[in-house]
Structures are given as structure tokens and as C-alpha cells.
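The block underneath contains the structure these notes are about, expressed in C-alpha cells.
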Amino acid sequence: KVVKDQGVEVIAVNFVSPFCRCNRNGGCGHEAKAVSEQLGIPLKVINIFDDFLKMLRAPKHGYGSHMNPCIDCRILMLKKAAELMQEIGASFLITGEVLGQRPMSQRRDALRIVEKDAGVLGLVLRPLSAKLLPPTIPEEKGWVDREKLLDIAGRGRKVQMQMADDFNIKDYPCPAGGCVLTDPAFSLRVKDLIDHDELTMEHVRFLNHGRHFRLTPTAKLVVGKDEKENAALAALATPDDYLFAPPEEVPGATAVGRGDLAAPQARALALGIIARYFDKDKIGPKATVCVRHAGREETAQVEPFTDEEAKKYLI
């Protein structure tokens with residue numbers, strides 16, 4: 001909006017990654033779509049799932065406090081934006097970054113690293129902090145008026161929120177950010193997938209659901225926490241997965257087993273763990289577990305694990 005008001009034609013780009021939670025209602029792209037329509041700015045949505053997962057396995061500039069590869073993430077997005085810039089004949093890039101707002105990716109040195117590694121040195125205008133940064137090519141060439149740009153710095157959001165109010169922009173992402181890779185518990189699940197060479201979209205889709213247990217190096221169990229998650233896990237399960245559930249008359253969790261669940265050790269662990277999440281008042285010393293795999297259904301009798309036994313395998 002700041003740049004558009006200078007008479008510059010602006011096209012918005014929304015990058016969709018597997019780990020974005022910044023949008024509240026319609027999934028990634030919801031607020032971007034609403035705001036771009038409100039401001040009369042064309043929107044291009046770019047899926048970076050595959051490129052992101054490849055980068056996440058071994059980011060050149062490392063991770064933040066958890067599994068967040070913030071600098072490499074920025075580089076990836078700017079590379080994709082530069083490709084679009086060439087494709088449509090745009091002159092430069094703009095971002096909403098604020099100097100010092102993010103501890104890893106928005107330091108002064110990090111901003112320059114991102115530009116250099118993305119191959120867009122001098123072409124990235126950051127209107128909110130432009131007066132605190134060296135002049136960019138768009139400013140030097142007079143495409144934008146540097147005096148009409150801003151000098152925001154630090155982690156506060158009061159100025160930006162006031163600007164949004166002045167522009168009558170009501171529906172914007174939460175200030176705290178939406179990348180789940182900064183969440184400690186979620187990061188452990190991601191690291192487990194990387195450590196076991198399982199970082200694929202098929203596995204990533206399960207990360208937002210349930211409790212995750214590493215049974216063996218080649219087998220994993222995801223246990224639903226409530227009825228909604230039970231349904232989600234059942235919907236995500238493939239014919240190759242093992243679907244564990246209680247009998248109809250017994251309330252309890254649904255679980256999806258992935259990998260080598262035919263191995264006796266893994267299968268025994270999966271049955272003991274899932275039975276722990278059945279209604280204790282509805283089962284005796286042993287629980288009946290319904291197992292579905294490859295179109296076949298069977299039942300197994302198993303002694304439920306205790307909390308302490310189950311926690312040994314919790315990721």
C-alpha cells in the first residue's frame with residue numbers, strides 16, 4: 001500500500017509452504033486474497049512445498065532456535081519472486097520486513113545475505129524500514145521517493161497496526177507469526193522425520209494431528225486426541241497404513257501406523273500404546289483393538305500400556 005500510493009503498479013505474491021499457520025480461516029492465502037482484493041492488487045499464489053522440504057533437510061544458513069530455517073526460507077521466496085519478476089517484466093521486489101523484528105532473518109547482515117544469495121542484491125525494497133537501510137536501486141533510479149518511505153525498527157507492532165487502521169485494513173495475519181517450525185514440540189516431530197529420512201509431504205500431512213510415537217527406526221504411530229482428530233487421521237490413512245481403533249462400543253482413540261508394522265516388535269508396541277487411549281472403564285485387563293490394513297480387518301487382544309510405558313516412545 002505504501003508503494004502503491006506512490007503510483008507504482010504492485011503485484012502481490014503469497015508463498016504457500018507446508019508449515020504456514022499465519023492465516024486463520026481459509027488456509028494459507030486467505031488474508032492475502034482478502035487484502036489484495038480490498039486494495040485492488042493482483043495476487044499470485046505460489047506453492048513452494050517441494051522446494052521447501054528439500055531446503056529444510058539441510059539449510060545452508062542453519063536453523064533458528066528450533067527447526068526454523070528462516071534465512072534460507074527468505075532466500076527461497078525471493079528466488080521464486082525474482083523468477084516471477086523476470087517473467088512478468090517487473091522492475092524490483094518489495095517485502096514487509098522490518099529491521100530487527102525477527103532475531104534470525106531480519107538483522108541488518110541477514111537482510112543483505114538473503115538478497116545476495118537470492119541474486120537480487122539492491123533490488124529488494126523494504127518500505128517499512130527503508131530510511132534505516134542503504135538506498136536501493138528503485139530509490140536511486142527515482143522509481144520510488146525515499147522520503148515517503150518509513151523508518152520502523154524493532155519488535156513492536158504499534159506503528160504497523162496503526163498504519164493498517166489508517167488504510168482500513170482489518171483482516172491481517174496475527175502479529176506473532178505463523179510458522180510452526182518455531183514451535184518446540186512440532187520441531188521435534190520434523191526432526192524425527194529428517195533423522196529417519198521420512199520428510200515427504202505424505203508424512204508432513206500428519207504432523208498437525210495427534211500424538212506421535214517412534215516405535216522403531218522404520219515404524220511410527222500417530223494417535224488421535226479427540227473425535228475430530230480421529231476422523232482426520234482416518235481420512236489421511238492410505239491402504240498401506242495400519243488403522244487402529246477400538247470396537248464400536250468402546251470410546252477411544254483412532255491411530256495410524258506407518259512403516260514396518262508387520263514386524264512383531266513394532267506391532268506389539270503400537271497395540272499397547274493405542275489401547276492405553278481407550279476408555280479404561282469400558283475395557284478389562286486386556287483391550288480389543290481393531291486393525292485394518294491393505295483391505296483386511298482383524299482384531300487383537302492386548303494389555304494396555306501405562307502412561308510411563310507409552311511416554312518412552314512419544315516424540
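Residue numbers count from 1 along this sequence.
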Any [X] side-chain heavy atom under 4.5 Å of [Y] side chain:
{"X": "E139", "Y": "L149", "answer": "yes"}
{"X": "E297", "Y": "C290", "answer": "no"}
{"X": "F305", "Y": "I274", "answer": "no"}
{"X": "Y313", "Y": "L221", "answer": "no"}
{"X": "V256", "Y": "L243", "answer": "yes"}
{"X": "M163", "Y": "V2", "answer": "yes"}
{"X": "H212", "Y": "D192", "answer": "no"}
{"X": "M85", "Y": "L123", "answer": "yes"}

Checklist entry - Between R146 and T136, is a side-chain contact (heavy atoms from CB on, under 4.5 Å) present by the stated rule, with each step listed? => result CA-CA 9 Å; R146 183 176 173 88; T136 59; over 6 Å; no
Next on the checklist: Between K191 and D195, is the salt bridge (charged side-chain N to carboxylate O under 4.0 Å, His left out) condition met? List the steps.
Outcome noted: CA-CA 6 Å; K191 187 177 186 303; D195 290 345; 2.9 Å; yes
Item to check | salt bridge (charged side-chain N to carboxylate O under 4.0 Å, His left out) between K79 and E83, worked out | outcome: CA-CA 6 Å; K79 280 183 176 180; E83 292 173 4; over 6 Å; no
Are any side-chain N or O atoms of [X] and backbone N or O atoms of [Y], one a donor and one an acceptor, separated by less than 3.5 Å?
{"X": "N68", "Y": "C70", "answer": "no"}
{"X": "S129", "Y": "L132", "answer": "no"}
{"X": "T299", "Y": "V289", "answer": "no"}
{"X": "D279", "Y": "V250", "answer": "no"}
{"X": "Q38", "Y": "N168", "answer": "yes"}

Checklist entry - Who passes ring pair (Phe, Tyr, Trp, His ring centres under 6.0 Å) against Y277, sequence neighbours left out? => result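 Here no residue qualifies.
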Surrounding [atom1] of [X] (heavy atoms of other residues, nucleotides or ligands, distance under 6.0 Å), is the total greater than 12?
{"X": "E227", "atom1": "CD", "value": "no"}
{"X": "E140", "atom1": "CD", "value": "yes"}
{"X": "E249", "atom1": "CD", "value": "yes"}
{"X": "E303", "atom1": "CD", "value": "no"}
{"X": "E298", "atom1": "CD", "value": "yes"}

Note: [X]-[Y] ion pair, threshold 4.0 Å (strictly below):
{"X": "R107", "Y": "D109", "value": "yes"}
{"X": "D117", "Y": "K60", "value": "yes"}
{"X": "E198", "Y": "R214", "value": "yes"}
{"X": "K1", "Y": "D5", "value": "yes"}
{"X": "E309", "Y": "R276", "value": "no"}

Considering all heavy atoms of both residues, which atom of [X] and which atom of [Y] are nearest to each other, and what is their separation?
{"X": "M104", "Y": "A110", "result": "O-CB, 3.4 Å"}
{"X": "P18", "Y": "V204", "result": "CB-CG1, 3.9 Å"}
{"X": "L236", "Y": "R205", "result": "CD1-O, 3.7 Å"}
{"X": "P69", "Y": "L181", "result": "CD-CD1, 3.9 Å"}
{"X": "A275", "Y": "A287", "result": "CB-CB, 4.0 Å"}
{"X": "P304", "Y": "I283", "result": "CG-CD1, 3.9 Å"}

Is it the case that one hydrophobic cluster holds both [X] and [Y], taking links as side-chain heavy atoms less than 4.5 Å apart, direct or via other members?
{"X": "F278", "Y": "L233", "value": "no"}
{"X": "L207", "Y": "V223", "value": "no"}
{"X": "V114", "Y": "I137", "value": "yes"}
{"X": "V98", "Y": "L133", "value": "no"}
{"X": "F244", "Y": "V222", "value": "no"}

I need the [X] [atom1] to [Y] [atom2] distance, nearest 0.5 Å.
{"X": "L99", "Y": "K131", "atom1": "CG", "atom2": "NZ", "value": "15.0 Å"}
{"X": "Y63", "Y": "T182", "atom1": "OH", "atom2": "OG1", "value": "14.5 Å"}
{"X": "D51", "Y": "C73", "atom1": "CG", "atom2": "SG", "value": "11.5 Å"}
{"X": "L111", "Y": "I71", "atom1": "CG", "atom2": "CD1", "value": "9.0 Å"}
{"X": "D183", "Y": "L188", "atom1": "CG", "atom2": "CG", "value": "9.0 Å"}
{"X": "L121", "Y": "I113", "atom1": "CG", "atom2": "CD1", "value": "11.5 Å"}

Checklist entry - Would F52 and F19 count as a close aromatic pair, with their ring centres under 6.0 Å? => result yes
Checklist entry - I46 and N14: side-chain contact (heavy atoms from CB on, under 4.5 Å), yes or no, with the steps? => result CA-CA 6 Å; I46 298 179; N14 179 217; over 6 Å; no
Next on the checklist: Given R74, which partner from the list E115, H61, E97 fulfils the side-chain hydrogen bond (donor to acceptor under 3.5 Å, both in side chains) test?
Outcome noted: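 It is E97, the one option of E115, H61, E97 that forms the side-chain hydrogen bond (donor to acceptor under 3.5 Å, both in side chains) with R74.
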Item to check | Full working for side-chain contact (heavy atoms from CB on, under 4.5 Å) between R189 and F206 | outcome: CA-CA 10 Å; R189 298 179 182 182; F206 282 85; over 6 Å; no
Checklist entry - Does the pair V144 and F92 meet the rule for a side-chain contact (heavy atoms from CB on, under 4.5 Å), with working shown? => result CA-CA 11 Å; V144 295; F92 60 100; 3.9 Å; yes
